[in-house]
Chemist: 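Would you mind keeping the following structure in view while I ask a few things?
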Amino acid sequence: MPARQITGKKPKNFWRTLKTLLSYMGQHKFLFLAVALLVTISALGNLLGTYMIRPVVNSVGAGDADALARGVLLTALICGIGALAAFGYTQTMVYAAQKVLYDIRRDLFAHIQSLPLRFFDTQLHGDIMSYFTNDVDTVADALNNSFAMTIQSFIQMTGTLVMLFVLNWRLSLIVVVGYAAMFLYIRFSAKRSTSYYTTQQAALGDVNGYIEEMVSGQKVVKVFNHEPENLRIFGEKNETLRKAGTGAQSYAATMVPAVVSISYINYAVVAVVGGLMVLNGMTDIGSLSSYLVFVRQAAMPINQFTQQSNFLLAAMAGAERIFEAMRLDPEVDEGKIRLVNVQEKDGVLTACDQKTGLWAWQKPDGELVPLRGDVRFHDVSFGYEPGHPILKNVSLYAKPGQKIAFVGSTGAGKTTITNLINRFYDIDAGSVTYDGIDVRDIAKDSLRRSLGIVLQDTHLFTGTIADNIRFGKLDATREEIIRAAKVANADSFIRRLPQGYDTRITSDGASLSQGQRQLLAIARAAVADPPVLILDEATSSIDTRTESLIEKGMDQLMEGRTVFVIAHRLSTVRNANAIMVLEQGQIVERGDHDALLAQKGEYYQLYNGMFELS
């Protein structure tokens, strides 16, 4: 097996991590019990096969052909059983390991999905990906290779020591001194190398994060000829990792040659002393032959046990990172009110399972509140970090069917308002109500199902064009997808693609223009047919001509819906029922387009500034 490099720090809480890992292994306990049994049989086969050297050699010395034949046949049988057991445990271990890894990946992905948006805003994407790559791979390596080998090495190491005392206890006193020297050096080396592991892991994460960031931003890098500077920075980070890795591995790398050297010295001393004992009649030649083979092999299980123990510790560090991520608090959802389909008969609403196009909020007591799209902020304050408020005492309302626009400079808090409506974040003070219900009382999945959002940063998934539009409504028919694309004015460019709606896109839609990607995001919101629509710079990546073409379609999409629009282009908010001008987290002006222009305040300056710039 090729040598593997230990990458990772030692676990901080070994026993807690081990307990969690064992709980996963316990779900497949019969497979692991079978592995342990087969490993034990294989290890005992190796020990007994080596011990059989004694009767075979003695029968040769005595000239007893029958005893020699019996000894050889018995040795062959023992070795054969050991080989079959070894084959059995390797195959069973692979199957069991993949079962455990499947469970870990499944639970990790499910938990990552349940974490609040704050987690993703504060973590490097490369670091999150490392949970599923570096850390899971390290655990996989340990389960596939180190788990069984550690058990086998421990049994062989212990069994060898026992057999040495059985064969010749006097010589074994010499061997014990050699064993003690080996373990003392191993302990010293491990202690000295441990301090480097934390630095190595941090440096590795830094390098991975930098690579991920630079690869995703290659267009910007090339536009500004930033390659030499990137190379310089990467060189510094790489050098830090090299130094940490060298320190971590320098002592660990000396373990094998040191143990082998000590075992050679041990072997030479035992051979000389054992030979003298044979000459003086203190032991037989068969016992010495078997004994010397055991001494010669003693270093191998010690080496393996030391190496595999280190690999297991490194794997436990990876497992600890995984389990720490899985212990992070999931997104809090105390909402009990759910969104349900309803049907109306004689002015009375009743919940139903079939899709009617009518929705209502169902309270725990069964009361139904019609979904109208009335959204109100009541003296809301919020900050992403404690002590740094972004919104300060904001109050506003959007009646059903109204279009509310937010304008202001970058960082004024426009996008933050929409983040609070869909509860990506929870407010610090005040309240947000939806049809008279505090949004904190509404289950998050129901709340978000009632909202259609077109974000400023468009993200497309690997799949067909139709699949990406269908993301807004998983059970959407082909006709609904095409209708939504026509509303967003995306139908014409989609039909010009090689396979039309069945054209596959990858790498976040890199083959499409930014405007086309934005049109697909609008179509995705259109197919969801939500009562409340949030457009966060929805037309920021669309040229003026395309923007004018989709205005009628957008008007159709917004008809009868409550719409929140965030825009820098003031031309897109002229027909809003109310325009909110935000500065430093506060609404400094509000009114429609004409009223705000008449005030000749902030909005007036923004509006005229636009024309001056143009």
Chemist: If the threshold is 4.0 Å, N to carboxylate O, is there a salt bridge linking Lys336 and Asp365?
Modeler: no

Chemist: What class does the angle between the rings of Phe564 and Phe406 fall in, given that below 30° is parallel, 30 to 60° is tilted and above 60° is perpendicular?
Modeler: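 Geometry flag for Phe406 against Phe564: parallel rings.
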
Chemist: Tell me every residue that passes side chain to side chain donor-acceptor pair (under 3.5 Å) with Arg504, counting only those two or more places apart in sequence or in another chain.
Modeler: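 Once residues adjacent in sequence are excluded, Arg504 has no partner under the side chain to side chain donor-acceptor pair (under 3.5 Å) criterion.
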
Chemist: Kindly list each side-chain donor-acceptor pair under 3.5 angstrom involving residues 369-383, sequence neighbours excluded, with atom names and distances?
Modeler:
unit_1, atom_1, unit_2, atom_2, d
Asp374, OD1, Arg376, NE, 2.8
Asp374, OD2, Arg376, NH2, 3.3
His378, NE2, Thr433, OG1, 3.2
Asp379, OD1, Asn393, ND2, 3.2
Ser381, OG, Asn393, N, 3.1

Chemist: Phe461 vs Phe471 aromatic rings, parallel, tilted or perpendicular, using cut-offs 30° and 60°?
Modeler: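 Ring orientation, 0 to 90° scale: parallel.
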
Chemist: Can you find a side-chain donor-acceptor pair between Tyr501 and Asn468 that sits under 3.5 Å?
Modeler: no

Chemist: Do side-chain atoms of Asp346 reach the backbone of Val348 as a donor and acceptor pair under 3.5 angstrom?
Modeler: no

Chemist: Does Ala526 offer a backbone N or O that forms a donor-acceptor pair with the side chain of Arg483 under 3.5 Å?
Modeler: no

Chemist: Run the side chain to side chain contact (heavy atoms under 4.5 Å, CB included) test on Phe119 and Ile112 for me, step by step, so that the C-alpha distance in whole Å, both residues' side-chain angles and the decisive distance to 0.1 Å come before the verdict.
Modeler: CA-CA 9 Å; Phe119 170 79; Ile112 291 292; 4.2 Å; yes

Chemist: Quiz question: by atom type and distance under 3.5 Å, do the side chains of Tyr425 and Thr416 form a donor-acceptor pair?
Modeler: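 Per modelled atom types, Tyr425 and Thr416 side chains form no pair under 3.5 Å.
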
Chemist: Would you check if the side chain of Ser446 reaches a backbone N or O of Arg338 as a donor-acceptor pair within less than 3.5 Å?
Modeler: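 Checking the backbone N and O of Arg338 against the side chain of Ser446, no donor-acceptor pair under 3.5 Å is found.
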
Chemist: Does a salt bridge link Glu229 with Arg232, judged by any charged N lying under 4.0 Å from a carboxylate O?
Modeler: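 A salt bridge links Glu229 with Arg232.
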
Chemist: Would you confirm whether Lys444, through its side chain, and Val332, through its main-chain N or O, come within 3.5 Å as a donor-acceptor pair?
Modeler: yes

Chemist: Regarding Ser431 and Asp438, is there a side-chain donor-to-acceptor distance under 3.5 Å anywhere?
Modeler: no

